[in-house]
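Worksheet: the structure to be examined is printed underneath.
Scope of the values below: all heavy atoms of this structure, side chains included, with no hydrogens, waters or symmetry mates. Since we're looking at a predicted model, the values are computed, not measured.
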Amino acid sequence: MDKDTRPEDEEFQASSGAIENILPTTNEEEMKKMMQDLDKEQSFRTHKCWRRYITIVISIIFVIFQLYATLSGTVPGQILRATHLAFVQLLAFLLFPASKKLPKNTLPWYDILLGLIGAACWFYIVGGYSENFLNLLNNTFNTKLIPLANKAGKYTGFDIAVGIVAILILFESCRRIVGLPIMIIAGIFIVYAFVGKFIPGFLNHRGYSYQRVVSHLFYTTEGIMGTPLGACSSFIFLFILFGALLEKTGIGQFFIDACNAIAGGASGGPAKVAVLSSALLGTVSGSSVSNTVGSGSFTIPMMKKLGYKSEFAGAVEASASTGGQLMPPIMGAAAFLMAESIGVPYVTIVKAAIIPAILYFAGIFITVHLEAKKLGLKGLPKDQLPKFWPLFLKKGYMMIPLIGIIVFLCLGKTANFAALLGILGCVIILLITTIVRFIMIAIQNKDQNKFKLFAKEVLWKFLLDMVEVICNAARNIISVAIACAMAGIIIGIVTLTGIGLKLGAGLVTLAGGSLFLTLLFTMIASIILGMGAPTTANYLITSTITAGAILQCLYGGTADVENILKLPAHMFAFYFGIIADVTPPVALAAIAGAAIAKAKPMKTAVNATKLAIGAFIVPYMFVYNPAMLMINADWLSITMVCITALIGMFGVSVCLEGYGFKHTGLLGNKGGKAIRITISSIERLLFLLAGILCIIPETKSDIAGLILIAVLIIYQIVYRKMYEKKNPAIC
């Protein structure tokens, strides 16, 4: 029996204060600064006067063009992608400074120039594909400009110069907004295209001129304007706009309140609220860091006040918020890119991601529950928590657009159609909410002038809200579009040189043909590649470089592989790229959680990694058993996989926490110290073994694991009863 100390009972009783009395540890300015320091996407300028109106007008034109292109369906693919990137490049330099240390309220002349040149390069492609525009120029200036489509690869020196400038400016915008990882990787790939002919061994290729590389990357749909940018310029933008509208409706606070109503009163309630709310917020959030800061500013102080250690509180929020990027239907926009990359319907990705995401959050939920039981933590007072049904009846309408999108996707409608209906639903909800709010104000004030100005004020408030949403959507798409464009460079070099298959074959050779070692090496590579990269860039990098190795090992290549069978490899790379947000040494989400909790960053990251253990186990499961992704499986096998996997996650969590069913509450004082029963090392190892046996997708191992877990649970319960009977004085 181990001896340990713990805070006195009075502290735990005081920890059960009302939610309204719990204040965040950081104010709004501190949160904003934290976001800017950790997340490049949030380090944008806050313009005033004429600069503000210019960015607003550009954002409105950008969104109107995107909606027109979607609704009309008449804009050719290359023109849509080039125009999309032209707006993105212009806004990137207007909104994001060259360094986070530079002031956010100024706009240097060189950023205006870079933005205009970057946009002009992509509008050059738009003009080059418009015969009417070229005819106008030829007639006006007596020139002989030829449409790009008719050049058949014979580009002029000016064409190549435009491509070089566009690529360089794209790299600079990537450095500012997305970060160095994807920029460095794309740069290495471009260098490889030039020097590959000098490299001996399997990486050698015949070599390419700079004209060929630039024209391939800039003018074709196999480079920058490839599949990722195509997805971004069509339905990803619509879902970004939908997310901005949904956020404006106040659904985030509704999720937190609803989770408080469901789990706030349970053992360790605030931690469970953090897990549930982060899972829900992840359906519309596109960033692990912003999710951590947004919900963590409320949940982390509550966890600390209840009795959780600072490092554990920060880790719970970080791991749960990171898991939000794994939660369908949006998955930080990666679901759309995965569907385009693999060539399967979007709803297939959503279905495949459901069970792994549930298992991931179940692992965190089980661990925080065991931690609460181990420390004897109670929930928040139920009389001071919101009531679920009254809350749902009052604010549940906010979920209608999100539920509607999911329903339409399940019915087989296109992502564009579902997103447009979701956008329309959000606009209607915003309008109705605004009208109701002003009616209540008018009734309360009983002011005739209020009624006279009612229509004008409602319209003005609604228009201001819509302008804010449009600006947020235009700003939020910038990092996604730039990441997609940079990924297009990587993919373009892969298609040009064939290095993808070479890297896959090399990794498989290094692993000696072993699937497990290939997965292990791919896991390490994906975690390294995913460090510090936003969700979209994360998936594009990891899937392009590492997924091929798994497919090479499983099927010997990808040429004749059914598209749906590529899904486990892509999902595996995606999972480990995402989990880099809590894995030391970078662990941006864990650092954000530690900052709010006033805890040590690395200790918080270690705790977050432990909590996110499911993300290190589940990907191996669905590679070995694709039934977990609902691939070629019946409901009986899917159900059995889920049940055994959940029990396996329980066994692993017991091992990590050192607590199962043994009593660990305050037993009394002995030698001046509080004593409690803890689980022995042998039991922990046995629980780990049982958990792994249940997780392994084989019938025999499942049976053995279930029997072992049952025996261990019975032993713990019997031992606890016997101890309490023998030691009534201190129990």
Side-chain angles (χ1 to χ4, degrees), residues 326 348 351-367 508 511-524 526 547 549-556 561-562 564-576 579 612-656 660 682-715:
L326 308 172
T348 301
K351 285 168 53 181
I354 290 174
I355 295 176
I358 291 174
L359 292 177
Y360 174 84
F361 281 103
I364 301 176
F365 196 89
I366 292 169
T367 304
V508 172
S514 166
L515 176 59
F516 177 77
L517 288 179
T518 301
L519 293 176
L520 182 64
F521 294 155
T522 302
M523 176 188 76
I524 296 171
S526 296
I550 302 174
L551 294 172
Q552 188 81 13
C553 189
L554 284 172
Y555 310 112
V561 179
E562 188 180 350
I564 189 67
L565 298 179
K566 300 176 184 178
L567 185 53
H570 282 254
M571 197 76 80
F572 185 93
F574 174 60
Y575 256 67
F576 285 110
I579 209 63
I613 188 65
F616 292 89
I617 296 174
V618 170
Y620 287 88
M621 295 172 64
F622 58 62
V623 170
Y624 280 100
N625 187 3
M628 185 176 291
L629 301 181
M630 301 189 193
I631 297 176
N632 301 330
D634 55 74
W635 283 106
L636 178 61
S637 60
I638 292 172
T639 303
M640 292 304 298
V641 165
C642 290
I643 292 173
T644 55
L646 282 171
I647 295 173
M649 291 301 299
F650 169 77
V652 174
S653 298
V654 171
C655 169
L656 294 174
I682 294 177
E683 286 178 80
R684 294 175 75 160
L685 291 174
L686 288 174
F687 266 108
L688 177 63
L689 175 62
I692 292 174
L693 287 173
C694 288
I695 288 169
I696 294 174
E698 292 181 5
T699 305
K700 293 181 179 179
S701 64
D702 288 343
I703 294 172
L706 291 173
I707 293 173
L708 182 54
I709 280 186
V711 170
L712 289 168
I713 290 174
I714 292 170
Y715 166 75

Worksheet, complete the sentence: Taken to the nearest 0.5 Å, the spacing of I692 CD1 from I617 CD1 works out to 7.0 Å

Worksheet item: Is any side-chain heavy atom of L519 closer than 4.5 Å to a side-chain heavy atom of Y620?
Response: yes

Response to the item:
Closest heavy-atom pair, L693 versus G705, reported as atoms and distance to 0.1 Å, is CB-CA, 3.7 Å

Worksheet item: Are the side chains of D702 and I696 in touch, meaning some heavy atoms are under 4.5 Å apart?
Response: no

Worksheet entry | Trace of the side-chain contact (heavy atoms from CB on, under 4.5 Å) decision for Y360 with I579 | CA-CA 11 Å; Y360 174 84; I579 209 63; 3.9 Å; yes

Discussion item. Is the distance between the ring centroids of F616 and Y575 under 6.0 Å?
Written reply: no

Discussion item. Working note: S637 + D634, criterion side-chain contact (heavy atoms from CB on, under 4.5 Å); need CA distance, chi angles, decisive distance, verdict.
Written reply: CA-CA 6 Å; S637 60; D634 55 74; 3.4 Å; yes

Practice prompt. Can you measure from CE (M571) to CG (L326) and round to the nearest 0.5 angstrom?
Written response: 9.0 Å

Fill in: Within-4.5 Å side-chain heavy-atom neighbours: L706 and C694
yes

Discussion item. Give me the atom names and distance for the closest heavy-atom approach of P356 to V618.
Written reply: CB-CG1, 3.6 Å

Worksheet item: Between CD1 of I358 and CE of M628, what distance do you get to the nearest 0.5 Å?
Response: 11.0 Å

Worksheet item: Does the side chain of L646 reach to within under 4.5 Å of the side chain of L359, using non-hydrogen atoms?
Response: yes

Item to complete: Decide yes or no for T367 and L656: does some side-chain heavy atom of the first lie under 4.5 Å from some side-chain heavy atom of the second?
Response: no

Item to complete: Could you please spell out the steps behind the side-chain contact (heavy atoms from CB on, under 4.5 Å) verdict for T644 and I695?
Response: CA-CA 6 Å; T644 55; I695 288 169; over 6 Å; no

Worksheet item: Does the side chain of I355 reach to within under 4.5 Å of the side chain of F622, using non-hydrogen atoms?
Response: no

Discussion item. To the nearest 0.5 Å, what is the distance between CE on M649 and CD1 on I613?
Written reply: 7.0 Å

Discussion item. Are Q552 and T518 packed together at the side-chain level, in the sense that at least one heavy-atom pair is separated by less than 4.5 angstrom?
Written reply: no

Worksheet item: Does any non-hydrogen side-chain atom of L565 lie less than 4.5 Å from one of E562?
Response: yes

Practice prompt. Check the pair I638, V641 against side-chain contact (heavy atoms from CB on, under 4.5 Å), reporting the backbone distance first and the verdict last.
Written response: CA-CA 5 Å; I638 292 172; V641 165; 5.8 Å; no

